[in-house]
Amino acid sequence: MREKKTFAQRTRTRNTDEVRKKYFLVYEGKETEEIYFEGVNQNRSMIGINPLIELVPVVRSYSEEGWSNPKKIVDRMLLNLKESRLGTVSYETLLNWFMDYLYEEKILVNSKAKAKSLWQTLEWICSEKLQITLTEPVTDLEETCRMLAEYFQDKEGYEQIVDDVPRIIRNRSITYAEGFDKICFVVDRDRESFVAHEENNQYKYVLEKCRENGFGLYLTNPCFEFWLLLHFDDVEQLDEIQLFHNPKITAKRRYTEQELRKRMTGYTKSSYDVDWFMNRIDIAIKNEKNYCEDIEELEHSVGSRVGLLIEELRDIK
């Protein structure tokens, strides 16, 4: 995982020495949530976000792409924070830094096949040449990164990699200050992947880990699109049983997405009129109060806690 801003630095508020508290936003979804909270950040004055708050999106690195299970996401964040605290880096983390750099420098651009091939080459170097597993710690970070880079320097477009090794390994850790900043998980209650069986209660596990580490868990049941539906005046007319089960209505769409598309022309998960939602955010917060906001009860009830997050961003002292 990495901060969306490359080499993010902690900033101070204008005309004051007060340091801004960072809220790290870790999304389960890749697009819908990111679009929404980018809108929140761009409209922070209108919404009333406290000026002492800095919103920092956290995006997944290459080997984490496609993850939608909250337990895996929370565990990876805990691992990243542990590595940062101890000053250690696993080979998987280093390879992800390598891939992040290639994307940032536009060496890799929207080519899944090329990215997959490159990742497989990096894995092969580790297993066959270095004889290590990706979970093992790197003993000499700069030297190992330089050795990896040398495998690619003769390829077109990769000539500068060796010279850029210091950039690849510099400031990659999440700039989280424990006890001051807050990590917030914005996730769905997806019963198919986020299971809560007696023998494997991931919901309870995630809740306990968030409490132990002071993380915020801003869950929506059934999914983030229900939070978007809360911006509409007629949300209480929706069938709550259908909301709870969120069945497939078409081959590709579930109930919540279908209802959104009925109300907003052109809505897709990756493209929608976020400004319309920003102008109705207070309606959504009010409507949320008519549903479940309790994190324990949300395991089995329709509701959301995203409105609570917005309220917290307004009121934080």
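Throughout, residue positions are numbered sequentially from 1 according to the sequence presented.
- The environment of NZ in K129 is sparse: at most 12 heavy-atom neighbours from other residues, nucleotides or ligands sit within 6.0 Å.
- Formation of a donor-acceptor pair under 3.5 Å by the R305 side chain with backbone atoms of E293 is found in this model.
- Under a 3.5 Å cut-off, the side chain of R44 and the backbone N or O of I53 do form a donor-acceptor pair.
- Distance check: I249 CD1 to Q242 CD gives 5.5 Å after rounding to the nearest 0.5 Å.
- In this structure, E136 contributes its side chain and T133 its backbone to a donor-acceptor pair below 3.5 Å.
- Side-chain heavy atoms closer than 4.5 Å link hydrophobic residues (I, L, V, M, F, W, Y) into clusters, and following such links, even through other members, never connects I283 to F226.
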Check against ring-ring contact (aromatic ring centres under 6.0 Å, His included), Y27 and F224:
CA-CA 10 Å; Y27 315 122; F224 189 78; 8.1 Å; no
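- For the atom pair T144 OG1 and L130 CG, the distance stands at 7.0 Å (nearest 0.5 Å).
- Few gaps surround CG on L86; more than 12 heavy atoms of other groups in view lie less than 6.0 Å from it.
- Here the shortest heavy-atom pairing between Y255 and N246 reads N-OD1, 3.3 Å.
- Closest approach of V186 to E33, counting heavy atoms only: CG1-CG, 4.3 Å.
- Using a 3.5 Å distance cut-off with no hydrogens or angles, the side chains of T268 and S271 do not pair a donor with an acceptor.
- A salt bridge does not link R254 with E225: none of the charged nitrogens is closer than 4.0 Å to a carboxylate oxygen.
- Using a distance-only test at 3.5 Å, with no hydrogens or angles considered, no donor-acceptor pair links the side chain of Y36 to the main chain of L228.
- Considering L207, V206, N201 in turn, N201 is the only one that fulfils the side-chain contact (heavy atoms from CB on, under 4.5 Å) rule with K204.
- The number of heavy atoms from other shown groups lying within 6.0 Å of CD (E31) is above 12.
- Using a 4.0 Å cut-off between charged nitrogen and carboxylate oxygen, R211 and E296 count as a salt-bridge pair.
- The main-chain N or O of V89 is never found under 3.5 Å from a side-chain atom of T93 such that the two would form a donor-acceptor pair.
- A salt bridge links E92 with R76; the closest basic N to acidic carboxylate O contact falls under 4.0 Å.
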Evaluate salt bridge (Lys or Arg N to Asp or Glu O under 4.0 Å) for E311 paired with R314, printing each intermediate quantity in order.
CA-CA 5 Å; E311 290 180 308; R314 285 171 162 173; over 6 Å; no
Starting from the C-alpha separation in whole Å, work towards a yes-or-no answer on salt bridge (Lys or Arg N to Asp or Glu O under 4.0 Å) for E150 and R146.
CA-CA 6 Å; E150 287 173 352; R146 188 175 301 280; 5.7 Å; no
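- Of all heavy-atom pairs spanning S304 and E288, the tightest one is O-CD, 3.2 Å.
- For the 3.5 Å distance criterion, the side chains of E123 and W119 qualify, holding a donor opposite an acceptor.
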Intermediate values then yes/no, side chain to side chain donor-acceptor pair (under 3.5 Å), D75 and Y205
CA-CA 10 Å; D75 281 344; Y205 173 89; 2.5 Å; yes
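- Taking CD1 from I183 and CZ from F24, the interatomic distance works out to 6.5 Å, rounded to the nearest 0.5 Å.
- With rounding to the nearest 0.5 Å, the separation of CG in L229 from CG in N287 is 10.5 Å.
- With hydrogens and angles disregarded, no donor-acceptor distance shorter than 3.5 Å links the side chain of R60 to the backbone of V26.
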